[in-house]
Amino acid sequence: GNSRACASTSISFTVDARVPSFSYSYTSAIFDLGRSITSITATSSGGPIDSFTVSPTLPKPLGINALSGLISGDAAEAFPVTQFTVTATNSVGTAMISLTLSAPAPITGREPLAIGSYFSCANVGGSVYCWGKNDVGQLGNNSTVDGSKPVQVTGLPTPATSISAGIAHACAIVANGTIYCWGDNTKGQLGDNSTTNRVIPVAVTGITGGAQAIAAGNLHTCAIVDGAAKCWGTNTLGQLGNGSAVDSSVPVSVSGLISGVWAISANYGHTLAIVNGRVVGWGANASGNLGINSLVSSISTPTDNYSLTSG
């Protein structure tokens, strides 16, 4: 009769019963509005991951790949500093990582009017005009004669995009991102490395471009330059924010505010800024000017407002 041979094959299976574990290429970022982000890549170091989810939902068109965990897309709309939680899941368990992300609103910096002490300025189609008191050249027209009608600021590059005025000085940002100031300079508030009053605009030393916003206090001036805060002028109350009380006739960096500054404002002896959604302040505080839940007389470095920490 016929004979038959039988063969058998042994197959073994290995089940990876580890819980998920993963990391991201970075966990904190400030995105440029309207640009594609540098993709945030997930790397698995534990059990196989079946899916990724994120909460709250990323602002569209940012998105997460449910299989790989890759986060990519464009920061099409501004959003404040937000903590997102990414969860990786498999049949054994879950793992989570927090990402702190934001896309700051653009700084337009296009302030058309500025009122000082007894004088005013206006930006008209990119040309700046001033009127009023002019004893130290605050009208910028190469004169110290008061003007009861608008006179054009002499020699200011056009177009100007933003203007601001202090007690007796004024400053403007022009189209190439540089800053010019004129008028009273007794405390170095014009930023030209001198304390000489100027009857025509002079360029602020060291700011060769990138200026986004300008704020003139009484005897000091601050600006946002490439997202960082810089100040110059009087500093007796710490209003320059650089940890000292020494005046400076050139811009100094505000301690810790090297990026993410959205807005800035200056007054008699203190300055406020919004950085990554936080309101911070420095300078005079004897009346609670800084909103830090303290009446300490002054603070020379940025300090968080007591309750306005995001938004």
So, for [X] and [Y], which heavy atoms are closest and what is the spacing to 0.1 Å?
X      : Y      : result
Tyr180 : Leu156 : CB-CD1, 3.6 Å
Glu77  : Ala103 : O-CB, 3.9 Å
Pro20  : Thr94  : CD-N, 3.9 Å
Asp135 : Asp146 : N-OD1, 4.0 Å
Asn193 : Thr205 : N-OG1, 3.8 Å
Ile179 : Ala223 : CD1-CB, 3.7 Å

For residues [X] and [Y], determine if any side-chain heavy atom of one lies less than 4.5 Å from a side-chain heavy atom of the other.
X      : Y      : result
Leu67  : Ser51  : no
Ile97  : Thr85  : no
Trp232 : Val250 : no
Ile224 : Ile264 : yes
Val296 : Ile299 : yes
His169 : Gln138 : no
Trp282 : Ser298 : no

Evaluate side chain to side chain donor-acceptor pair (under 3.5 Å) for His220 paired with Ser248, printing each intermediate quantity in order. CA-CA 9 Å; His220 77 292; Ser248 178; over 6 Å; no
For the backbone of Ile200 and the side chain of Asn142, can you confirm whether one donor and one acceptor N or O come within less than 3.5 Å of each other? no
Any donor-acceptor pair under 3.5 Å linking the side chain of Gln212 with the backbone of Gly227? yes
Just checking, is any N or O donor in the side chain of Ser21 or Ser45 under 3.5 Å from an acceptor N or O on the other one? yes
Is a side-chain donor-acceptor pair under 3.5 Å present for Asn235 with Asn242? yes
Return the [atom1] to [atom2] distance between [X] and [Y], rounded to the nearest 0.5 Å.
X      : Y      : atom1 : atom2 : answer
Leu272 : Leu290 : CG    : CG    : 6.5 Å
Leu257 : Arg278 : CG    : CZ    : 7.5 Å
Ser249 : Leu190 : OG    : CG    : 10.0 Å
Arg198 : Asp184 : CZ    : CG    : 12.0 Å
Ser117 : Asn218 : OG    : CG    : 8.0 Å
Gln239 : Asn289 : CD    : CG    : 11.0 Å

Trace of the side-chain contact (heavy atoms from CB on, under 4.5 Å) decision for Asp50 with Thr89: CA-CA 6 Å; Asp50 296 330; Thr89 304; 5.6 Å; no
Chi angles and distances behind the side-chain contact (heavy atoms from CB on, under 4.5 Å) call for Val86, Leu99: CA-CA 8 Å; Val86 177; Leu99 304 177; 3.9 Å; yes
Are Phe119 and Ile167 connected in the hydrophobic side-chain network, where two residues link if heavy atoms are under 4.5 Å apart? no
Checking Asn141 against Asn134 for the side chain to side chain donor-acceptor pair (under 3.5 Å) test, could you report, in this order, the C-alpha distance in whole Å, the side-chain angles of both residues, the deciding distance, and whether it holds? CA-CA 9 Å; Asn141 66 332; Asn134 196 30; 3.3 Å; yes
Dump the intermediate steps for side-chain contact (heavy atoms from CB on, under 4.5 Å) on Phe84 and Ile71, then the final yes or no. CA-CA 12 Å; Phe84 297 91; Ile71 295 175; over 6 Å; no
For Tyr268, look at atom OH and say whether over 12 heavy atoms of other residues, nucleotides or ligands are found less than 6.0 Å away. no
Do other residues, nucleotides or ligands put more than 12 heavy atoms under 6.0 Å from Tyr26 OH? yes
Set out, in order, the CA-CA distance, both residues' side-chain angles and the distance that settles side-chain contact (heavy atoms from CB on, under 4.5 Å) for Leu101 and Phe79, then state yes or no. CA-CA 9 Å; Leu101 310 175; Phe79 63 93; 4.2 Å; yes
